[in-house]
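In what follows, a structure is listed as structure tokens, so that the remarks can point back to it.
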Amino acid sequence: MQSDATETPVPSQTSDSLLKRLAGPSTGKAGLAKDQTDINRVIAEASKGSKFYENEKRKDKDLTEKIARILKQRDEVTKGVDMHQVEVGVDQVIAKMEVNRDLSQIIVHVDMDAFYANVELLDNPDLANKKFGVCFMSFSASYEARKHGIRSGMPEYIAKKLCPELVVVPLNMSRYSEMSQKIMGIFRRYDPNMHAASVDEGYLNLTPYCEEHMLTAAECVQQMRDAVQRETSLTVSAGIAPNKLLAKNKPNGQFQLDFDPRSVKAFMHDLSIRKVPGVGRVNERLLESIGIKTCGDIFTHRGTLCLMDKQFGLHFLLQTYLGIASNVVQPGQREERKSVGAERTFTAIDSKEKILKKLEEVAAELEADMEGGGWTGKTVTLKYKLDTYQVFTRAKSFDRWISTKKEHLFSIGKELLLPEFPLKLRLIGLRVTKLRDLRVDADKQPGSIKRQFFDSVDAGPSSPRKRRRSATPDEDEPTLSQDGFEESMPGYLAHEELDPDAPEYSGNSTIKPESSSDGTKPVRQRPPVSAPASTSSSQGTSSHVAYLKPQSSSSSTEPRKRGSSFVSMKGKDRAEEPPDGREMQTCPLCSKIMQVDNRDFNAHIDFCLSKGAIREAQAMASADKSSISLRPTGTHKKVPDKRPSSKQTKR
DNA sequence: ATGCCTGAA
DNA sequence: GACCTTCAGGCAT
């Protein structure tokens, strides 16, 4: 019936990957319609010709080119290599991973079914059997609506296109939060340390509870789900498995994976690589390009992956293939926040006044969040998005804690933004990083290695009052300030110094837009900004075309090509820090969790490091064989140097 | 340190 | 008729 791709369902040939890209991230959810292709076509047509669409097309093209480069590289790397021998080496690594597999923990992932939609249903039974969705910015669709291809995150106008009768219910966030709290409260009876991953999902470790109550995991989870249904009239799905990766990938209802390696591997074998946390649209395509669609395919192509470890991250993928992942569950860390920000989208504008107005609004929002949360920080990042959807960031750091007053944030933002004009923007945002928690009096300082020790001791500082200015500054910051600045009274100082702070830099007074574009650099005023900009502006292209693309990379029209590729995997496969007072240790290399003293832990680390050495030797041997030039820079280091902990463990 | 990208919810 | 927001983390330079 349906035409297949060759018949060009869309007028102009729209590539498969682009269709998929447009379709959005959350394909493959429960209750989807069968004919995805058809739906994708509707989606693509709905936005065809828009700047958004063009931008997606551009990104898709970039990716395609990148894939071509990777394939070429693969051919070079593979040439003349005894692949079998490489595989033998990898197999040894796999064998070692297997040995360390930890199946001792009962990890459960719980997930409320169509949460927003079902809460609405509860409050408004008239909606039953109607196709409806909750919409604010992202979309949460009822099951009825999902059958039409409506997914979360989809813009309303497209949802309507897919299902004209769709009933749109406004978002009622406070209501969902309230329900969420209630539900999480129930979960916490079973694991007080549970991790609430979002309003409607979470992870639990039921090992202790099951043991204490002499329950099987399935019985326990059944009880828990019954309790939720009884007390909230909402239904929850649960996956039971020995780690978080496996627990999350479950069908609806209640699903338990057998806790043995064979079952685990069988389960992983056909699992789409896309289901692995950390593998998104881009990495899915990258992997697909070398023939990997399922986790089982990882094994098939382990030789290539080994030779291209840099691009793909062999270690992580092997763990994934084996179904090995973190089984550590801990509550959301108090305030391990790394950044606070605010951003806003609007219809594109190019008037400088109006843009600055938006910036001011964003600054005000940020002020509220910073003050409300009790934060300050040292660097401010401006983000802007052109009407072409290209995104840029500009940052500036300070050597002291900044004032979180909106005037100050605005002034910093202005300083970063003004040199970029002329611009036509559809979004502007500000973010503060290098945070400092003003509600924690002392101890906790981002750079401090000792933090972990302090934390386990003071956990709940009995001081009920959180004041911004610590009463006893002297005791607070013993020695941490290496630059001799008075960091002891964060909020206070920053505030007071706002003006005086600006003695020799333009800061808040006035920004003095021009003059500096030339060689004269007033200290490191606007470091990265002007450099590339000057080239383009000196060209005189400034007039009309100017705001098509500010520059970002020198000369080339494209923002920047990079070889990065498979990112963010490496950090993810290792388990989180152990909870407070316990002596539970998690190996940063193999993620194994153990209850050991330092000596044993060190021994284990050494063991894991030696595994890394084996892997490295393997890789280097094969690389040598394949001869030259694969490695752009002479860096030979493969994986093993990614841990500072070798230092720590050395005692 | 800065900028860009990817991913997640 | 026009695709969000917030945050984390990795890589390159």
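Chain identifiers are assigned alphabetically (A, B, ...) following the order of the sequence lines, protein sequences preceding nucleic acid strands; residue numbering begins at 1 within each chain. Model, not experiment: these values are computed from the prediction. Worth knowing before you read on, the calculation uses all heavy atoms, side chains too, and leaves out hydrogens, waters and symmetry mates.
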**Message:** Give me the atom names and distance for the closest heavy-atom approach of A:Q330 to A:H195.
**Reply:** O-CB, 3.2 Å
Counting only side-chain N and O atoms of [X], is one of them less than 4.0 Å from OP1 or OP2 of [N]?
X: A:R394; N: B:dT2; answer: no
X: A:T381; N: B:dG3; answer: no
X: A:K383; N: C:dC4; answer: no
X: A:Y389; N: C:dC3; answer: yes
X: A:T345; N: C:dC3; answer: no

Quick one: which of [options] gets closest to the side chain of [X]?
X: A:S339; options: C:dC7, C:dC3, B:dG7; answer: C:dC7
X: A:E201; options: B:dA9, B:dT2, C:dC7; answer: B:dA9
X: A:R337; options: B:dA9, C:dC3, C:dA8; answer: C:dA8
X: A:S397; options: B:dT2, C:dT6, B:dT6; answer: B:dT2
X: A:R274; options: B:dA8, B:dC4, B:dT2; answer: B:dA8
X: A:T393; options: C:dT6, B:dG3, C:dC3; answer: B:dG3
X: A:K338; options: B:dA1, C:dT6, C:dG9; answer: C:dG9

**Partner set under ring pair (Phe, Tyr, Trp, His ring centres under 6.0 Å) for A:F410, not counting sequence neighbours** = none
**Message:** Holding to ring pair (Phe, Tyr, Trp, His ring centres under 6.0 Å), I want the full list of residues that pass it with A:F52, two or more places apart in sequence or in another chain.
**Reply:** A:Y389
**Message:** Between A:D111 and A:S237, is there a side-chain donor-acceptor contact under 3.5 Å, judged purely by atom types and distance?
**Reply:** no
Hey, does [X] reach any base, or is it just sugar-phosphate, or nothing, if we go heavy atoms under 4.0 Å?
X: A:K59; result: nothing
X: A:G49; result: base
X: A:I158; result: base
X: A:V276; result: sugar-phosphate
X: A:A342; result: sugar-phosphate
X: A:R426; result: sugar-phosphate

**Prompt:** How do A:D200 and A:L63 order along DNA chain B: which one's closest nucleotide is nearer the 5' end?
**Reply:** A:L63
**Asked** In terms of the nearest nucleotide of DNA chain B, which residue is placed more toward the 5' end: A:G280 or A:T379?
**Response** A:T379
**Message:** Quick check with a 6.0 Å cut-off and a 45 degree axis cone: is A:R400 positioned over the face of A:F398's six-membered ring?
**Reply:** no
**Request:** Round to a whole Å and report the spacing from CZ of A:R431 to C1' of B:dC4.
**Result:** 15 Å
**Fill in**
On DNA chain C, more 5' by nearest nucleotide between A:S47 and A:E343 is A:S47
**Asked** P atom, B:dA8 versus C:dC3: distance in rounded Å?
**Response** 23 Å
**Message:** Is there a side-chain contact (heavy atoms from CB on, under 4.5 Å) between A:K378 and A:D399? Walk through the geometry before answering.
**Reply:** CA-CA 7 Å; A:K378 283 196 177 177; A:D399 54 11; 5.9 Å; no
